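Everything below concerns the one structure shown next.
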Protein chains: 2
Amino acid sequence: MSCSSEYVPQLRALGYRMTPQRMAILHVLRHEGTHLSPAEVYKKALLELPGLTEPTVYRTLEFLADLGLARPAYATNGRLTYEIAGNDHHHLVCKHCGDEIEVEHTLLESLYRLLETTSGYRSIGSHVTFFGICPKCQKN
Amino acid sequence: MSCSSEYVPQLRALGYRMTPQRMAILHVLRHEGTHLSPAEVYKKALLELPGLTEPTVYRTLEFLADLGLARPAYATNGRLTYEIAGNDHHHLVCKHCGDEIEVEHTLLESLYRLLETTSGYRSIGSHVTFFGICPKCQKN
DNA sequence: GTAGTTATTGTAAAAACTTGCAATAAGGAA
DNA sequence: TTCCTTATTGCAAGTTTTTACAATAACTAC
Ligand SMILES: [Mn+2]
Ligand SMILES: [Mn+2]
Ligand SMILES: [Zn+2]
Ligand SMILES: [Zn+2]
């Protein structure tokens, strides 16, 4: 499915507009499929859309995250990155070497239910990053 | 217990030094007891130690976090904050109004054990912030 | 106490990120 | 198509955070 046909109606329904800038940034996120820093998104999207500026990239990524179309995640260096929203998952990162593995969302589902019942909060769901020591680093 | 008598041996054992800057920053974190931004830490610690600079505050907070003496946490605005390490807990923040409640660490303990057995990672333990919609905002 | 080693700091500059506001252009109406 | 409304962008400047490196001072050994 093309980006346009998929996202335009979603934006319209909320009173927002589709623009070449949003299109290009969504395109980059979808094509790369991984966590990208704003600078990386900017560099790649600039090729698709000359004239694009960095403030627009920052604003757009935050906008897409608010709408649930992109997911923010903090990299090991503490800087914010984004990836296209899709299959729910989480991350487990090694404090020592930075090695990173994905965590199935199903592992967190019962915790989320528990949180909802004990707190009264709803729609709990984050793209969480946990930290630990990987098997390799445990030996050293 | 005084900050000095508690922390000096911990630093020494790892080959690090206690300095007036680290002392002042630890003092601020302990005295406030809440999440503080680097700017807030700087402003308060500067009163205790004139001449202290911002880069030192940033470096020291990261240093204390690496040693496990301070805990980093991302505020709702995405900016990094720190608090003194102590009773383990997590946070649940409302996406709408920013309201925040603490989550007992015990709620996450079984998840952490599950993560460790399925991944092979060890010493998993983060100061996690979950997002959801608070009871008040659910009505609106 | 003095001297030596080097972890830590301050300085200055760079890089990353945010903000205010005027100019632009997307989408709706005629 | 053309006009209108206003969401969105680019620009310029501000703020926050990081970095390189020389100066400092904490600790050790004597
Ligand atoms: Mn991810
Ligand atoms: Mn906390
Ligand atoms: Zn590792
Ligand atoms: Zn709320």
Side-chain angles (χ1 to χ4, degrees), chain A residues 3-5 7-28 35-46 48-67 69-70 72-82, chain B residues 3-5 7-28 35-46 48-67 69-70 72-82:
Chain A
C3 285
S4 172
S5 62
Y7 295 120
V8 171
Q10 292 198 59
L11 298 194
R12 294 269 175 83
L14 294 166
Y16 301 117
R17 300 171 181 177
M18 179 52 82
T19 65
Q21 290 85 353
R22 289 176 178 170
M23 206 71 229
I25 289 166
L26 278 164
H27 210 254
V28 167
H35 294 189
L36 295 171
S37 69
E40 289 166 334
V41 172
Y42 171 65
K43 243 176 75 179
K44 290 175 191 295
L46 192 57
E48 297 189 17
L49 187 72
L52 177 69
T53 63
E54 280 189 289
T56 294
V57 171
Y58 281 97
R59 280 185 294 224
T60 300
L61 289 171
E62 194 178 352
F63 168 81
L64 295 174
D66 285 344
L67 261 62
L69 300 177
Y74 292 94
T76 320
N77 61 19
R79 295 251 177 77
L80 198 51
T81 63
Y82 293 86
Chain B
C3 285
S4 171
S5 61
Y7 294 120
V8 170
Q10 292 198 60
L11 297 195
R12 293 267 176 82
L14 295 166
Y16 300 117
R17 300 171 182 177
M18 179 53 81
T19 65
Q21 290 85 351
R22 288 176 178 170
M23 206 69 229
I25 290 166
L26 278 165
H27 210 256
V28 167
H35 294 189
L36 295 171
S37 69
E40 289 167 334
V41 171
Y42 172 65
K43 245 176 75 179
K44 290 175 192 296
L46 192 57
E48 298 188 18
L49 187 72
L52 177 70
T53 63
E54 281 190 289
T56 295
V57 171
Y58 279 96
R59 279 183 296 223
T60 300
L61 289 171
E62 194 178 353
F63 167 80
L64 295 174
D66 285 344
L67 260 63
L69 299 177
Y74 292 95
T76 321
N77 61 20
R79 296 249 176 80
L80 198 51
T81 64
Y82 292 86

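Keep in mind the model is a prediction, meaning the values are calculated, not measured.
As a whole-Å value, the separation of B:Tyr42 OH from C:dT9 C1' is 13 Å. Atom pair A:Arg22:CZ and C:dA25:C1' shows a separation of 12 Å (rounding to whole Å applied). As a whole-Å value, the separation of A:Leu11 CG from D:dT9 P is 11 Å. Rounded to an integer number of Å, the gap from OH of B:Tyr74 to P of C:dC17 is 11 Å. Atoms CG (B:Leu46) and C1' (C:dT9) sit 15 Å apart, rounded to a whole Å. Straight-line distance from the CG atom of A:Leu36 to the P atom of C:dC17: 13 Å, rounded to whole Å. Atom-to-atom, CG of A:Leu61 to C1' of C:dT18 comes out at 14 Å; the value is rounded to the nearest Å. Separating the CD atom of B:Glu54 from the P atom of C:dA12 is a distance of 15 Å, rounded to the nearest angstrom.
Nucleic acid contact class of A:Leu52 (heavy atoms, under 4.0 Å, all strands): sugar-phosphate only.
When side chains are defined from C-beta on, A:Thr19 counts as touching A:Arg22, because their heavy atoms get closer than 4.5 Å. Side-chain contact between A:Leu26 and A:Tyr7: present, with at least one pair of heavy atoms (C-beta onward) separated by less than 4.5 Å. A 4.5 Å side-chain heavy-atom check between A:Leu67 and A:Gln10 finds every atom pair outside the cut-off.
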For residues 57-65 of chain B, run the donor-acceptor check on the side chains, cut-off 3.5 Å, and write out each pair with its distance to 0.1 Å, sequence neighbours left out.
unit_1: B:Thr60; atom_1: OG1; unit_2: B:Thr56; atom_2: O; d: 2.7

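Minimum heavy-atom separation, A:Ala45 to A:Leu52: CB-CD2, 3.5 Å.
In terms of phosphate contacts, A:Tyr58 brings a side-chain nitrogen or oxygen within less than 4.0 Å of OP1 or OP2 of C:dC17.
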key: Under 4.0 Å protein heavy-atom contact, by nucleotide of nucleotides 19-30 of chain D - B base, S sugar-phosphate only   = BB----BBS---
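Annotation: the span from A:Tyr82 atom OH to A:Ser37 atom OG amounts to 11.0 Å, rounded to 0.5 Å.
Taken over five-pair windows at either terminus, the axes of the helix from C:dG1-D:dC30 to C:dA30-D:dT1 are inclined to one another by 30° (rounded to 10 degrees).
For the side chain to side chain contact (heavy atoms under 4.5 Å, CB included) test, no residue two or more places apart in sequence or in another chain qualifies with A:Arg17. Every residue meeting the side chain to side chain contact (heavy atoms under 4.5 Å, CB included) condition with B:Thr81, not counting sequence neighbours, appears here in chain and number order: B:His35, B:Ala73, B:Ala75. Residues satisfying the ring-ring contact (aromatic ring centres under 6.0 Å, His included) test with B:Tyr74, not counting sequence neighbours, are A:Tyr74.
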